[in-house]
Every structure is written in C-alpha cells, then in structure tokens.
Amino acid sequence: MLPPPHLAATAVANPRIAAAAFPAGSSRRRPRHRGAMMSVSCCRVAALASLLAVGAATAFLTFSLPSSPRVFSTTEFTRELSARRSAPPPPPPTVTRAKTPPPPPLLPSTTPPPAARRRKREPSYWRMAPEEALRYAKKEIRDAVPVVDDPDLYAPLFKNVSQFKRSYELMERILKVYIYQDGRRPIFHTPPLSGIYASEGWFMKLLKESRRFVAADASKAHLFYLPYSSQQLRRTLYVANSHNLRPLAVYLRNFVRGLANKYPFWNRTRGADHFLVACHDWGPYTTTSHGDLRRNTIKALCNADSSEGIFTLGKDVSLPETTIRAPKRPLRYVGGLPVSRRGILAFFAGNVHGRVRPVLLKHWGNGQDDDMRVYELLPNRVSRRMSYIQHMKNSRFCLCPMGHEVNSPRIVEAFYYECVPVIIADNFVLPLSEVLDWSAFSVVVAEKDIPDLKRILQGISLRRYVVMHNCVKRLQRHFLWHARPIVKYDLFHMILHSIWLSRVNQVQLED
C-alpha cells in the first residue's frame, strides 16, 4: 500500500519520517499493472520537483529581500513570487568613474574672481574702416579706465595719465601712416640728423624705418605724411639776404596740388588727415600759400607761436626742438648732478637777438649777480673752468628765453642735463602740451617779469624744487632720440602720439 502523497513528499526531505511511515520489514504489494507503476513514479517525480522549486524560491527570497521578522504565509509567498517573476528586469547598473580633481590654482587665493580679471575683448581693427577705427578710439580714450600703477609712466608728468596710456595703446594697435613717395631730393626724403633743427629729420628717419606704423596700402591709412624738410627747403630755395620766403611756400603749394591731382586722398578731407613735421623757424611760413594746407593739415612745428594765426591750438602740435651734435651718438652727454651739487641758481649763455634776450642781459648779464650766471657768449675765462654743458649740469634752473622766434633748443637741453627749465616766451605753446603737465617740471615766466626773475626763482622752496627735479629726471626718457624706432614712450613715439591724438579729436562721434 502506498503512503499518502503529503507523507511521501515529507519522507523524501526527512529520513526519520520515512522510517516511521515505512517500518523495516514491512512488505508492500506490487502493483498489478505497469501503467499504475509509471503513474506512481511520475507523481513522485512531480512531488520532488515541486519541493525543490519551493526550496529554491525560499532561498532566493531569503538573500534578496531585507531581513525582517515578518513571516510570510503561503498565499503571500505565492503572490510575492509571482510579482517578482512578472516584473521587468532591472536596468544595468551605471558605472560612475571618479572625476579627476582640478589642478590647484596658479595664483594665490588673494586674486580677484574670474569676472574681475576678465579683460575687454579688443575688436579686429584691421577690419574697420579708418573713420570707424578713429571713432572707436575716441570713445575708448574718453572712457579710459583709471591707471592704478604703471612702472613705465610717472603720473605727475601727465595731465591725465589714464587717457594717455589708453590713447598710446590704441595708437600702437590701430595707427597706420601712408608716406608719399613723391617729391624730389633733397627737399623730400632727405632727413637732416644734426644741428638744432634735427627733430624733423629724426622723426622722418624713424617713421620710415617703422614697420608697425607705415602702411603700404593707402586705403588703410589713418594719416598721410608729407615727408619734406623745412631745413632742406630753406637751403635749396632761399636766396640769401632776400628776406623773401614766398618761393618756399609756392614750392610746397605746388607739391600739394600735384598730390591732389594724382591721388584721391587729399580731396576726401581737404587735407585734414595729412600732416607735416617742420622744425626750422620758417616752417609755419612755408604753408601760407595753400589755404587747405594752412587751415586743415596737422602741423607739427617747433615754432609754435599762437599769436601769428598759423599755429592752431587743439589741432597743431608743438614739436620739441633738439640739438644733436653727434648723429651716431644722439644720447651723448645725457645726465646730470644731484641737487646737493648744483651751486648755481640760474644759467644762460647764447646769442643776443629777438626781443627777450637783450632785456635779460640788461638786468642779469655780465656778472651782475653771482647767483644768476647770464652771458651773451660764454667768456673764455669762464669756459676754461666750466664748459657750457657743465654749467647746465651744475645749475638748478636753466633759463630758456626765446630768440627770433618763441622756440628754443635749451628746453630739451635742460631735460638732458636734469636742469629745471625756466621758459621766457609769451604765446609759446609748450611742446607736447596735449598730454604733459608742464607745471610739474618747469617754470614759465612772463616777459614783463624778467626784472623779478631772481625773486621768483628763490621763492620756490627746496622741497618743491626737489620734486620738480625728480620730475625732470623721470621726464627725460620722453625726450630722447634712439637709433631705432623700438623704444616705447621715447620722443619719436611721443610726437607721433600727439599727431595721432589730434586726428582722433577731429572725428565726430555718432549720437
């Protein structure tokens, strides 16, 4: 006799139950039919398979579900197993790679945030039309960011050092000058590099050698240079003792007319974007025969007299007059003595001509006062003990009276020898006064105050003088010529900057 099905399944799992259900020695009746035996075997296999399935499911739930004291009933167990089988397979786990930490900052923690360090992006100047670039520069100069500290610029020397710095930067990036190749030598393209009128020659030489500023394509130019020399014009065309300057002016007028007929550039602005550089005393008078040349063209002149109606304030540029004795060594003798070794109050020696110098010698000349060393020409007895240059290096103030014209090379000589210049010339527009504050490093005395000259100079305290002397030493670099046009803020670049600034100021901003 076969055991009930529930006991058979239990007996397979537990041998003790099997022993009790089937005692030893008991006999079992064989089934009579083979089909019945096969049916019983299939039932046993099915029972065994069901038992194994239940065991596997129990193990699966034990390891996959969180441990809990809850006891599942058979119905709950079956429902949970059916839900797990019907649920979709979980998505594959996402592998998250550890990010590489960013490198440590290169600057210390005291640096400003990135927004404060971000510089304004400069436009592509080469894509701008010349007038558009000039308008952009004018806005940028007007809204220049204040300069906190710049080792290359000493703020007390400038009227507005922030605007000067921004204007100079824009000049370096934007400005292109077209040099006319017309004109016969030696009047054109032949720069004189020595003497008291050498400024026009050195400017011409350095501009021609400058790769940064010279434009091969005239359509890209912001300025057009008339490369003539007023000194060479005088040497070539002036008839000695004739006192007739008209041939010089007519020659220059015909040259400009030829440019206007040959090129379209002069007629576009009637010469407003053209400029000339003339240092001879007669430089202004060579422009008088051509109306547009006189009124519109930017004139850089050593003879910058505002009373004659030729030099126009705000448009024209006062050109420093420099004496170059050795063109191969333009910086020879530059330098001076400290304040403690300057025992002479004021010094002047030179030819007596014009309206100012005779008055100066009348009151202070020929050894009348030992503090005021004023001479017509330096006497031999004096020069044997101390040369002209040594006098300037040993004097606190160097007198710079006008001659036939308002300009004088002694102003720049005073800077070379670190002597504070005293300028005596009414109506003289001081060199580079567009950007420089001359009250910081010079004394300007009216012609009528020559009799009180010593009292005026002695009224400057030692502390004030030391400050002025320091300014002169710092200013010196801005008045030096160099053999190559690569020295930043030197005299070549300062003159070119003043011309550039004049052109920028001409353009009208759009509303």
Side-chain angles (χ1 to χ4, degrees), residues 152 177 179 181 183-214 225-236 276-281 283 300-303 317-337 349-351 378 383 386-394 398 400 407-419 421 431-432 472-499:
D152 293 329
V177 180
I179 303 175
Q181 301 304 313
R184 65 180 180 87
R185 297 173 182 269
I187 298 174
F188 293 87
H189 307 288
T190 309
L193 300 179
S194 62
I196 62 175
Y197 305 122
S199 289
E200 63 182 23
W202 276 89
F203 179 87
M204 184 189 303
K205 170 187 180 296
L206 295 175
L207 181 60
K208 283 176 172 287
E209 296 174 358
S210 173
R211 295 182 179 180
R212 178 189 294 272
F213 299 111
V214 175
Y225 176 41
L226 307 176
Y228 88 104
S229 165
S230 61
Q231 170 74 333
Q232 298 287 24
L233 185 65
R234 181 195 67 84
R235 290 175 177 174
T236 305
L276 58 89
V277 179
C279 194
H280 192 271
D281 292 353
L301 304 172
C302 288
N303 185 8
V317 174
S318 180
L319 180 68
E321 185 174 355
T322 56
T323 301
I324 302 297
R325 295 178 172 84
K328 294 184 178 181
R329 298 178 61 189
L331 304 184
R332 189 179 182 184
Y333 305 121
V334 171
L337 299 176
N351 294 321
L378 202 60
S383 62
M386 187 181 297
S387 67
Y388 176 87
I389 294 176
Q390 289 172 337
H391 268 87
M392 298 191 80
K393 291 187 176 186
N394 281 273
C398 290
C400 307
N407 49 302
S408 171
R410 287 172 179 79
I411 297 175
V412 177
E413 285 182 341
F415 296 150
Y416 286 174
Y417 309 133
E418 300 173 6
C419 180
L432 309 180
V472 167
K473 293 177 65 175
R474 291 176 176 266
L475 179 75
Q476 185 184 88
R477 60 172 298 190
H478 301 306
F479 281 82
L480 298 178
W481 294 111
H482 294 88
R484 299 177 62 192
I486 58 175
V487 181
K488 196 170 185 177
Y489 299 127
D490 66 348
L491 187 52
F492 164 67
H493 290 95
M494 294 293 287
I495 296 170
L496 186 62
H497 172 266
S498 291
I499 298 171

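Sequence positions, counted from 1, serve as the residue numbers for this chain.
- Shortest non-hydrogen contact noted between Tyr228 and Phe188 is CB-CE2, 3.2 Å.
- The distance from atom OG of Ser383 to atom CG of Leu378, rounded to the nearest 0.5 Å, is 5.0 Å.
- When all heavy atoms of Asn394 and Gln390 are compared, the closest pair comes out as ND2-O, 2.7 Å.
- Relative orientation of the Tyr489 and His478 rings is perpendicular, given thresholds of 30° and 60° on the angle between their planes.
- Here the shortest heavy-atom pairing between Gly201 and Pro191 reads O-CB, 3.1 Å.
- Taking the six-membered ring for Trp and thresholds of 30 and 60 degrees, Tyr197 and His280 have ring planes inclined between 30 and 60 degrees apart.
- Judged by distance alone, the side chain of Thr190 and the main-chain N or O of Arg185 form no donor-acceptor pair under 3.5 Å.
- Between Glu200 and Ala278, the shortest heavy-atom distance links the atoms OE1-CA, 3.3 Å.
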Might you work through the side-chain contact (heavy atoms from CB on, under 4.5 Å) test for Leu276 and Leu301, ending with a clear yes or no? CA-CA 8 Å; Leu276 58 89; Leu301 304 172; 4.2 Å; yes
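- Rounding to the nearest 0.5 Å gives a distance of 7.0 Å between CD1 of Ile196 and CG of Asp281.
- At least one side-chain heavy atom of Phe203 sits less than 4.5 Å from a side-chain heavy atom of Ile499.
- Judged as a side chain to side chain contact (heavy atoms under 4.5 Å, CB included), and not counting sequence neighbours, the contacts of Gln476 are Val334, Glu418, Leu480.
- Residues Trp481 and Leu206 form a side-chain contact, since some pair of their non-hydrogen atoms from C-beta on lies under 4.5 Å apart.
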Check step by step if side-chain contact (heavy atoms from CB on, under 4.5 Å) holds for Ile389 and Tyr416. CA-CA 10 Å; Ile389 294 176; Tyr416 286 174; over 6 Å; no
Please output the side-chain donor-acceptor pairs of residues 408-415 that fall under 3.5 Å, not counting sequence neighbours, one pair per line with the distance.
from   : atom 1 : to     : atom 2 : distance (Å)
Ser408 : OG     : Arg410 : N      : 3.2
Arg410 : NE     : Tyr388 : OH     : 3.4
Arg410 : NH2    : Ala349 : O      : 3.0
Glu413 : OE1    : Tyr388 : OH     : 3.1
Glu413 : OE2    : Arg325 : NH2    : 3.4

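- Here the CG-CD1 distance, from Leu233 to Ile187, works out to 5.0 Å after rounding to the nearest 0.5 Å.
- The side-chain heavy atoms of Gln232 and Arg235, taken from C-beta on, include a pair separated by under 4.5 Å.
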side-chain contact (heavy atoms from CB on, under 4.5 Å) between Tyr225 and Lys208, intermediate numbers included: CA-CA 10 Å; Tyr225 176 41; Lys208 283 176 172 287; 5.7 Å; no
Between Arg477 and Val487, does a side-chain contact (heavy atoms from CB on, under 4.5 Å) hold up when you go through it step by step? CA-CA 10 Å; Arg477 60 172 298 190; Val487 181; 5.7 Å; no
